[in-house]
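Report on one structure; see the data block that follows.
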Amino acid sequence: MDYKVLKQRLKRELSEELYRHSLGVSKTARNLARKHHINEDKAYISGLLHDCARDFNKEELRELIKKHKIRLDKYEQNISSVWHSIVGSVLAKKVYGIKDRDILKAIREHTTGSNRPGDLSILIYISDFIEPGRKFDSLEELRKLSSKDLYKTAYLTINKKMKHIKKKGKTIHPATLNFRKYIENRLK
């Protein structure tokens, strides 16, 4: 895949802020992939496209879900904040021509995780949270740890995200709980 063409298209379709975020995630993902012996090209492409549907509003996402006959589980139907990742994986395939299952899975799972994530999905989940444009408490610790231990970083990232979701009074998708359990088992 020609990164230049992909980046040009994303630059036209995303807001400037979201485009910068996607570049940050893609660079973070590629660097982490190199350190953890994960395919760097897949990491870079996943990072670029992970939020390709993020700028659509709720109604537009609902229309895309109908148009592409996307099946949402009972939790996803009520958690619209995850729709962009689900629609994004479909757009990555149908609009951007991505055929690689690992990349599509990483895009789909970057908001919730899953009970059987691949290393690429874990890497994108983390990269989305720690990319240089993010400003949260204790991010520097996570950034340093991410170079050494992907699973410990994932565990801490999941917990931080869950705490934030609970604080906002939102529902935590069961996939996130399963993701945390999967990571806990890997840490034992």
Side-chain angles (χ1 to χ4, degrees), residues 1 3 6 10 18 21-54 61 68 70-73 75-76 79 81-131 134 139 142-143 145-162 164-165 172-188:
M1 164 134 314
Y3 295 149
L6 184 58
L10 282 172
L18 189 57
H21 167 68
S22 295
L23 288 177
V25 174
S26 65
K27 290 174 185 174
T28 300
R30 182 170 43 201
N31 290 337
L32 287 178
R34 187 176 304 121
K35 291 173 184 171
H36 295 287
H37 310 289
I38 297 169
N39 185 297
E40 292 178 41
D41 289 330
K42 288 184 180 187
Y44 191 76
I45 292 168
S46 300
L48 279 176
L49 291 175
H50 83 287
D51 271 349
C52 66
R54 185 72 172 160
L61 287 169
H68 294 290
I70 299 170
R71 299 175 103 188
L72 301 177
D73 67 29
Y75 299 101
E76 291 163 346
I79 307 174
S81 60
V82 304
W83 292 356
H84 79 279
S85 60
I86 298 164
V87 171
S89 68
V90 172
L91 295 182
K93 182 177 184 177
K94 294 186 176 188
V95 175
Y96 293 93
I98 303 300
K99 292 175 177 55
D100 186 279
R101 288 181 180 180
D102 294 334
I103 294 172
L104 297 173
K105 180 176 170 58
I107 294 168
R108 183 178 177 99
E109 295 176 355
H110 86 269
T111 56
T112 61
S114 75
N115 63 340
R116 301 194 128 241
D119 285 345
L120 183 61
S121 290
I122 294 168
L123 186 132
I124 296 302
Y125 186 89
I126 292 168
S127 298
D128 184 34
F129 193 72
I130 67 168
E131 65 95 359
R134 299 281 197 187
L139 264 188
L142 285 176
R143 288 178 178 135
L145 181 61
S146 69
S147 294
K148 299 173 190 154
D149 192 323
L150 210 55
Y151 295 103
K152 280 185 184 174
T153 307
Y155 185 73
L156 294 172
T157 301
I158 294 163
N159 287 335
K160 284 186 174 293
K161 284 185 166 188
M162 285 176 56
H164 178 72
I165 292 166
I172 295 173
H173 193 289
T176 303
L177 300 172
N178 291 332
F179 183 37
R180 184 172 69 173
K181 188 172 190 115
Y182 173 87
I183 297 295
E184 283 174 345
N185 289 332
R186 293 295 302 252
L187 291 172
K188 290 180 182 176

Exercise for review: For Tyr75, look at atom OH and say whether over 12 heavy atoms of other residues, nucleotides or ligands are found less than 6.0 Å away.
Suggested key: no

**Study point:** Over 12 foreign heavy atoms within 6.0 Å of NE2, His164
**Key:** no

Practice item. Begin from the C-alpha positions of Lys105 and Leu120 and carry the test side chain to side chain contact (heavy atoms under 4.5 Å, CB included) through to its verdict. Key: CA-CA 9 Å; Lys105 180 176 170 58; Leu120 183 61; over 6 Å; no

Indicate yes or no: at least one non-hydrogen side-chain atom of [X] is less than 4.5 angstrom from one of [Y].
X	Y	result
Leu72	Trp83	yes
Leu142	Lys160	yes
Ile38	Leu150	yes

I need the [X] [atom1] to [Y] [atom2] distance, nearest 0.5 Å.
X	Y	atom1	atom2	value
Ile165	His173	CD1	NE2	10.5 Å
Lys148	Leu145	NZ	CG	7.0 Å
Leu91	Ile98	CG	CD1	12.0 Å
Ile86	Ile79	CD1	CD1	9.0 Å
Glu109	Ser85	CD	OG	9.0 Å
Ile70	Ser89	CD1	OG	6.5 Å

**Study point:** Residue pair Tyr96, Leu48: steps toward the side chain to side chain contact (heavy atoms under 4.5 Å, CB included) verdict
**Key:** CA-CA 11 Å; Tyr96 293 93; Leu48 279 176; over 6 Å; no

Check your understanding: Are the side chain of Thr176 and the backbone of Thr112 linked by a donor-acceptor contact shorter than 3.5 Å?
Key -> yes

**Study point:** Under 3.5 Å: donor-acceptor pair, side chain of Ser26, backbone of Leu23
**Key:** yes

Looking at every non-hydrogen atom in both residues, tell me the closest pair between [X] and [Y] and how far apart they are.
X	Y	result
Gly113	Ala175	O-CB, 3.6 Å
Arg30	Tyr3	NH1-CE1, 4.4 Å
Tyr125	Thr111	CE1-O, 3.9 Å
Ala92	Ile107	CB-CD1, 3.7 Å
Asn39	Ala33	O-CB, 4.1 Å
Ser146	His36	O-NE2, 2.6 Å

Show every salt bridge (charged side-chain N to carboxylate O under 4.0 Å, His left out) that has at least one partner inside [range], sequence neighbours left out.
range	result
residues 112-130	Asp128-Arg134
residues 31-46	Arg34-Glu40, Lys42-Asp100, Lys42-Asp102
residues 177-188	none

**Study point:** Test log, rule side chain to side chain contact (heavy atoms under 4.5 Å, CB included), inputs Tyr182 and Asn115
**Key:** CA-CA 6 Å; Tyr182 173 87; Asn115 63 340; 5.7 Å; no

Practice item. Answer yes if the side chains of Glu131 and Thr28 hold a donor-acceptor pair under 3.5 Å, and no otherwise. Key: no

Point to revise | Full working for side chain to side chain contact (heavy atoms under 4.5 Å, CB included) between Leu49 and Leu10 | key: CA-CA 8 Å; Leu49 291 175; Leu10 282 172; 4.0 Å; yes

